[in-house]
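Sequential numbering from 1 along the given sequence is applied to the chain's residues.
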Amino acid sequence: MVPDYMIVRPRIQDKTGVAGVLVLPVLAGKVGLMYCYRHQLKKSLWQAPAGFMEPGESPLVCAARELREETGLMSSPSALRSLGTTFPDAGLIEGSVALFLAPCRETKKSVPIRREFGSSKLRFFSREALSDLLMSSTDSMGAATAVAGYRYLGIAQQSFSHEKPRK
């Protein structure tokens, strides 16, 4: 134990240490982000839907639930694609965040179940616009959102580079 050192320990974690999730919703080839006011920072940040796990909940089920609750969009847990995990602050927080890509479908009832304080509705970005936002948002994007965004762009680039050229 290090004296005078603060550790934030999430109440619920799975056996691998995952305490929360972040979901990049993709609808019609575009990624959805919310511009959320964070009172502790006194500023707004671009963030993907995210949240903490409930007791006994897997990261996949949590991600599908958070997506539905915060955006109204639907994606089954089996459709989610892992973007790995990240450590929001490895020197402070004892836990990781599982990152997911969610191919979504919109329904007539695609409204958030609960809108969190300071959040906004989704704004959708093309790959190019997301790349521009990631490169220009030096202090207006959550770290886990940035990691997920870069990983998504890497996957998208790999997929694009393996396609056969059109004649």
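- The shortest heavy-atom contact between G95 and Q13 is CA-NE2, 3.5 Å.
- When each of L122, L45, L130 is paired with L33, the side-chain contact (heavy atoms from CB on, under 4.5 Å) condition holds for L130 and for no other.
- Side-chain atoms of S75 come within 3.5 Å of backbone atoms of P103 as a donor-acceptor pair (strictly under, hydrogens ignored).
- To the nearest 0.5 Å, the span separating CG on L153 from CE on M135 amounts to 10.5 Å.
- Residues V18 and L101 fall into different hydrophobic clusters, defined by Ile, Leu, Val, Met, Phe, Trp and Tyr side chains chained together at heavy-atom separations under 4.5 Å.
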After noting the C-alpha distance and the side-chain angles of V147 and L83, does the key distance pass the side chain to side chain contact (heavy atoms under 4.5 Å, CB included) rule? CA-CA 9 Å; V147 170; L83 294 173; over 6 Å; no
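- Note: the hydrophobic cluster containing I12 does not contain V61 (ILVMFWY, side chain heavy atoms under 4.5 Å, direct or indirect links).
- In terms of hydrophobic clustering, with Ile, Leu, Val, Met, Phe, Trp and Tyr side chains grouped at heavy-atom distances under 4.5 Å, F100 and I155 are assigned to different clusters.
- In this structure, Y150 OH and S131 OG are separated by 7.0 Å, a value rounded to the nearest 0.5 Å.
- The shortest non-hydrogen separation linking L80 to L60 is CD1-O, 3.5 Å.
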One pair to check against side chain to side chain contact (heavy atoms under 4.5 Å, CB included): Y35 and Q47. What are the steps and the verdict? CA-CA 6 Å; Y35 199 60; Q47 292 189 270; over 6 Å; no
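- Residues L24 and R151 are not in side-chain contact: their nearest non-hydrogen atoms beyond the backbone lie 4.5 Å or more apart.
- One N or O on the side chain of T145 and one on the backbone of A48 form a donor-acceptor pair closer than 3.5 Å.
- Looking at every heavy atom in both residues, L67 comes nearest to P25 through CD1-CB, 3.7 Å.
- The line from CE of M34 to CH2 of W46 is 10.5 Å long, rounded to the nearest 0.5 Å.
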Stepwise side chain to side chain contact (heavy atoms under 4.5 Å, CB included) check, R68 with M74: CA-CA 6 Å; R68 172 73 177 109; M74 304 287 287; 3.1 Å; yes
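- M141 and V21 are assigned to two separate hydrophobic clusters, defined by single-linkage of ILVMFWY side chains at heavy-atom distances under 4.5 Å.
- Considering all non-hydrogen atoms of both residues, A144 and T86 come closest at CB-CG2, 4.0 Å.
- Nearest heavy atoms, V97 versus L22: CG1-N, 3.9 Å.
- Atom SG of C62 is separated from atom CE of M53 by 6.5 Å, given to the nearest 0.5 angstrom.
- Taking each heavy atom of V23 and A102 in turn, the nearest pair found is CG1-CB, 3.4 Å.
- Within a 6.0 Å radius of CZ in F52, other residues, nucleotides and ligands contribute 12 heavy atoms or fewer.
- E128 CD to K30 NZ: the interatomic distance, rounded to the nearest 0.5 Å, is 9.5 Å.
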